Number of protein chains: 2
Amino acid sequence: MLKDIIDNNENYQPGLSIDCVIFGFHDNQLKVLLIKVERANKWSLPGGFIPVDQDIDTAAITVLNSRTGVDGVFLRQFATFGKVDRNKQHFDKKTLEYLKIEEAKGKWLMRRFVTIGYYALVDFSKILPNPTGRHEIVEWIDHKEVPELILDHREILDKALDTLRIELNLMPVGYNLLPEKFTIPELQKLYETILDKKLDRRNFLRKITNIGILTKLDEKKSNGAHKAPNLYSFDKEKYDEVLKNGLNQGW
Amino acid sequence: MLKDIIDNNENYQPGLSIDCVIFGFHDNQLKVLLIKVERANKWSLPGGFIPVDQDIDTAAITVLNSRTGVDGVFLRQFATFGKVDRNKQHFDKKTLEYLKIEEAKGKWLMRRFVTIGYYALVDFSKILPNPTGRHEIVEWIDHKEVPELILDHREILDKALDTLRIELNLMPVGYNLLPEKFTIPELQKLYETILDKKLDRRNFLRKITNIGILTKLDEKKSNGAHKAPNLYSFDKEKYDEVLKNGLNQGW
DNA sequence: AGTACATTGCGTCATAATAACACATTAATG
DNA sequence: CATTAATGTGTTATTATGACGCAATGTACT
């Protein structure tokens, strides 16, 4: 796969890549889809290169699609990372040898790369992590348990989370991360996780329902050993209408 | 200048550029610094290329600096633009001939370019627009009167404004755009211009002073034929403290 | 079967923030 | 010196927010 790209590197934008932070929500945890190649000892964000005949947004969709099998989800460019040394010594001679890439062709990879960061919000329940090769591990990892990452991927991930935190105030992010039917406590946990702070149960209910984007269903979710919470779904129409204006505007 | 870059194009990131939206505020107008080369009939955003040994943020500072002479100002990356056709036919053969660039070397310029957008907030009164060549015009233009721009620069400008609008809710942008001493009505006009809506004078005063970042000075500004408004300045310390938490948080 | 328990659902109240508005003050102008 | 068009200050009704109390629910345990 990588070798194909190297062999045809004139078909790709030089020195430019895409990295995706794919968020999912499961078991009351905000999770991130990470990748590890067998021989490496660090994890990385799913990424890819940009075909010269593709918009960068399209290339990002391709990256997302190849790892998750889904498309049509929420995908958003959030920042571009371009420190000079960010990928220095990532593809060194040893690595190239291992990958059986000729030194001449490897130069394309060894040059300085700028990467465009996208983050995706996906419905965890619909995703089956999809390794593109036998030597690759793809896994959902709790955002609080993320191990050491290659290059500046930790910085990219952090920036994605910061952006998500800000966006949360501007739009109901829950729509993209939760399954069709969900409970208010689940939605609250999502908010608490992203904002990294506790919220009052009763006030949260009042505020979130006042927005008018939730539809109360005639179903309950049996929830272990306790009172069964009601199920809700998003009212897509009202959701879209609210999005136009944003939520909390100060002025 | 451009020719120097072409002649040494191996010193620059290929297919990648920087464009700056430089905002200033004057005469109650939000202004944008635009550039026109003599022979062109369209204006453009000040831009530049990225030396292979410079961080992209550093390269952006260089662009800003070369046009305004200032540095140490507020500069922020807001988006990256990478549609396939965004610079198609920008440097065609005719243009290359005019610029006396050999066709072989011109190929570097004719390829597809992705551009990273930065916006800057500068104190209008401290800036003297600075043409880098004799055949270049640099001018402040009211953001409502911006003429047709080259390529997708209109889209870039619009996106910068959108971002500014959102940031306004998160931080007191006024600090960067106004001179050291300013009046409340001036600050309000700035807010109204960016948000594109009228605000109530009295409520604005209350809210902005309640934030606690303004210092009332013992001076007044003689303001034409009416009551002289009081002058204020920002309290940098409190301003920085407020920035940490952001301003209007909903949750 | 009945009780304990953790969780959910709904309501209350004091306080703070907001929007809408009235009126006094100021400085240049004719 | 009155007029005028601004600025500065205050008032009030309404709404939003934060911090709670308490009843309802569904499972598990005795």
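Being a predicted model, the structure only gives us computed values, none of them experimental. Letters A, B, ... are given to chains in the order of the sequence lines, protein chains preceding strands, and every chain is numbered from 1.
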| query | For L199(A) and dT17(D), what is the distance between atoms CG and P respectively, to the nearest whole Å? | reply | 13 Å

| request: Would you mind reading off the distance between L231(A) atom CG and dG26(D) atom C1', rounded to a whole angstrom? | output: 15 Å

Identify every side-chain donor-acceptor pair in residues 21-33 of chain B under 3.5 Å, counting partners at least two apart or on other chains, and give the distances.
| unit_1 | atom_1 | unit_2 | atom_2 | d |
| --- | --- | --- | --- | --- |
| Q29(B) | OE1 | K31(B) | NZ | 2.7 |
| Q29(B) | NE2 | D142(B) | OD2 | 3.4 |

| said: I'd like to know if the side chain of T115(A) and the backbone of S17(A) have a donor-acceptor N/O pair within less than 3.5 Å. | reply: yes

| said: Without decimals, in angstroms, what is the distance between K189(A) NZ and dT8(C) C1'? | reply: 11 Å

| query | So what does N210(B) hit on the nucleic acid, given a heavy-atom distance under 4.0 Å: a base, only sugar-phosphate, or nothing? | reply | nothing

| Okay, side chain of H153(A), backbone of L45(A): is any donor-acceptor separation there less than 3.5 Å? | yes

| In whole angstroms, how far is the P atom of dA6(D) from the CG atom of N28(B)? | 11 Å

| field | Nearest to side-chain heavy atoms of L205(B), which nucleotide of dT18(C), dT9(D), dA24(D) | value | dT9(D)

| field | Phosphate OP1/OP2 of dG9(C) contacted by K216(A) side-chain N/O (<4.0 Å) | value | no

| Can you tell which of dT7(C), dT8(C), dT17(D) lies closest to the side chain of H226(A)? | dT7(C)

| said: Rounded to whole Å, how long is the line connecting atom CD of E219(B) with atom C1' of dT7(D)? | reply: 17 Å

| Rounded to whole angstrom units, what separation is found between the NZ atom of K198(A) and the C1' atom of dT7(C)? | 13 Å

| query | Between dA24(C) and K227(B), is there an OP1 or OP2 to side-chain N/O distance shorter than 4.0 Å? | reply | no

| field | Length of the NZ-P vector between K207(B) and dT15(D), whole Å | value | 16 Å

| message | For a salt bridge (Lys or Arg N to Asp or Glu O under 4.0 Å) check, start with the C-alpha distance between D162(B) and R165(B), then their side-chain angles and the critical distance, and finish with the verdict. | response | CA-CA 5 Å; D162(B) 282 346; R165(B) 218 160 264 147; 3.4 Å; yes

| note | Rounded to whole Å, the CG-C1' distance (N230(B) to dA27(C)) equals 14 Å

| query | Rounded to the nearest 0.5 Å, how far apart are CZ of R76(A) and CG of D57(A)? | reply | 11.0 Å

| field | Donor-acceptor under 3.5 Å (E167(B) side chain, V173(B) main chain) | value | no

Do any N or O atoms of the protein come closer than 3.5 Å to N or O atoms of nucleotides 19-21 of chain D, and which pairs are they?
| unit_1 | atom_1 | unit_2 | atom_2 | d |
| --- | --- | --- | --- | --- |
| dA19(D) | N7 | N203(A) | OD1 | 3.4 |
| dA19(D) | N7 | N203(A) | ND2 | 3.0 |
| dA19(D) | N6 | N203(A) | OD1 | 3.2 |
| dC20(D) | N4 | R202(A) | NE | 3.0 |
| dG21(D) | N7 | R202(A) | NH1 | 2.8 |
| dG21(D) | O6 | R202(A) | NE | 3.4 |
| dG21(D) | O6 | R202(A) | NH1 | 2.6 |

| query | Between R86(A) and E155(A), does at least one N-O distance fall below 4.0 Å, as a salt bridge requires? | reply | no

